[in-house]
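See structure below.
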Protein chains: 2
Amino acid sequence: MLSALGEVFRAHGYEGASLALISEATGLGKGSLYHFFPGGKEQMAAEVLGSIDAWFVTEIYRPLRKASDPRGGIADMFAGVDTYFRSGRRVCLIGVVALGNARDLFADRVKEYFVAWVDALALALRKLGHSPTVARHLAEQAVLEIQGALVLARAVNDRKVFSRALMRSHRRLMLTRPERSQRRSI
Amino acid sequence: MLSALGEVFRAHGYEGASLALISEATGLGKGSLYHFFPGGKEQMAAEVLGSIDAWFVTEIYRPLRKASDPRGGIADMFAGVDTYFRSGRRVCLIGVVALGNARDLFADRVKEYFVAWVDALALALRKLGHSPTVARHLAEQAVLEIQGALVLARAVNDRKVFSRALMRSHRRLMLTRPERSQRRSI
DNA sequence: GTCTATAAAGCGATAGAC
DNA sequence: GTCTATCGCTTTATAGAC
């Protein structure tokens, strides 16, 4: 249900996703939709964004934070991201909202999604011996590369752009060696 | 004129930019707007995208291709990009359209913008001795980092994210040394 | 060229029958 | 819980006066 809703918002954006389209995609009439979402379209989008955020927390962020082997945790993150975004064919709804005009409506959720991602990845990188600052910047870089890869892959309509970017990003995180003086145990 | 139009599309997206908003931003009534753009909103957006593309060609891509000193050309590119995007406060309209539902309408222009960017940067990198393939991947990476930085900076509402990403990207391009066996003169 | 008036369609949202 | 009918408003676009 929220999943079908998400695909409509993904495909048409917040403004573009009319109740007619939503009704068609979910197979529910407007009456039923307003029964489930008394808050209307804004509530629908908010719950969709919330469910995406929750999915990332349980499927990506938490495993990444809890991973006993940070390298394996990071590898799982990239694998999960590749699957979720269907190797670049699927767009990041949170990113779309961040760029769009509906950003103000959902600013908190959008920010939380990205902050949690950077935090989780930065923690794994600290376990590899990076200083808090370096870990944070490396994590920020990786997240931003994924978002940029989604934009570029969709713009030039070539999902190999996405795969390549994901591989480069993963490889760089694995190869970047922490400075000796910054190495620490956690 | 096209500039004022561009800001409206940037701020509200293609769907969100109603003729009422456009009329207000340009100071022209609907009648006048349809006098200049008989094709309506779609023509307005197409011409705005075209003008942005043209700006990047003359201000960024061409200087980058023609630069006698590739390192200086690349530095100018990053400086120009930082200025254009107002250090991350301004969003990339082409990127927004690429992610949005209006993408199909303007797919050609969107693709051309990014292809031309990657091509121009790849040419400069080849002049530094990189192989065509490596140069292309490095260029693709830099362009995608800029787009991702715009998304992330806007999402977390912190333009320092953009500045940092631009600096890292520039620095990496300057530090990545071409393989000896791939070095060539152009 | 610029305006106002208006058409025709689509929008989000509501009411009320079932 | 799901539907249809409908409200009130906004949308893009056009017509025609000036």
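In what follows, every chain begins at residue 1, and chains take the letters A, B, ... in the order their sequences are listed. For the numbers below, each heavy atom of this structure counts, side chains included, while hydrogens, waters and symmetry mates do not.
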| said: Salt bridge check, A:Lys160 against A:Asp158: does any charged N sit closer than 4.0 Å to a carboxylate O? | reply: yes

| Does the pair B:Glu140/A:Arg168 count as a salt bridge with the N-to-O cut at 4.0 Å? | yes

| query | So which of residues 25-37 of chain B are in contact with DNA chain C, with a heavy-atom cut-off of under 4.0 Å? | reply | B:Leu28, B:Gly29, B:Gly31, B:Ser32, B:His35, B:Phe36

What is the separation between atom [atom1] on [X] and atom [atom2] on [N], rounded to the nearest whole Å?
| X | N | atom1 | atom2 | value |
| --- | --- | --- | --- | --- |
| A:Leu19 | C:dA13 | CG | P | 6 Å |
| A:Leu21 | C:dA13 | CG | C1' | 17 Å |
| A:His12 | C:dC11 | NE2 | P | 11 Å |
| B:Glu15 | D:dT12 | CD | C1' | 13 Å |
| A:Gln43 | C:dA13 | CD | C1' | 13 Å |
| B:Glu42 | D:dT11 | CD | C1' | 16 Å |

| field | Hydrophobic cluster identity match, B:Val81 and B:Val115, side-chain contacts under 4.5 Å | value | yes

| Nearest-nucleotide comparison on DNA chain C, the residue closer to the 5′ end among A:Ala20 and A:Pro38 | A:Ala20

Taking the side chain as every heavy atom from C-beta outward, state whether [X] and [Y] have any atom pair closer than 4.5 Å.
| X | Y | value |
| --- | --- | --- |
| B:Gln147 | B:Phe114 | yes |
| A:Val91 | A:Phe85 | no |
| B:Arg172 | A:Arg172 | yes |

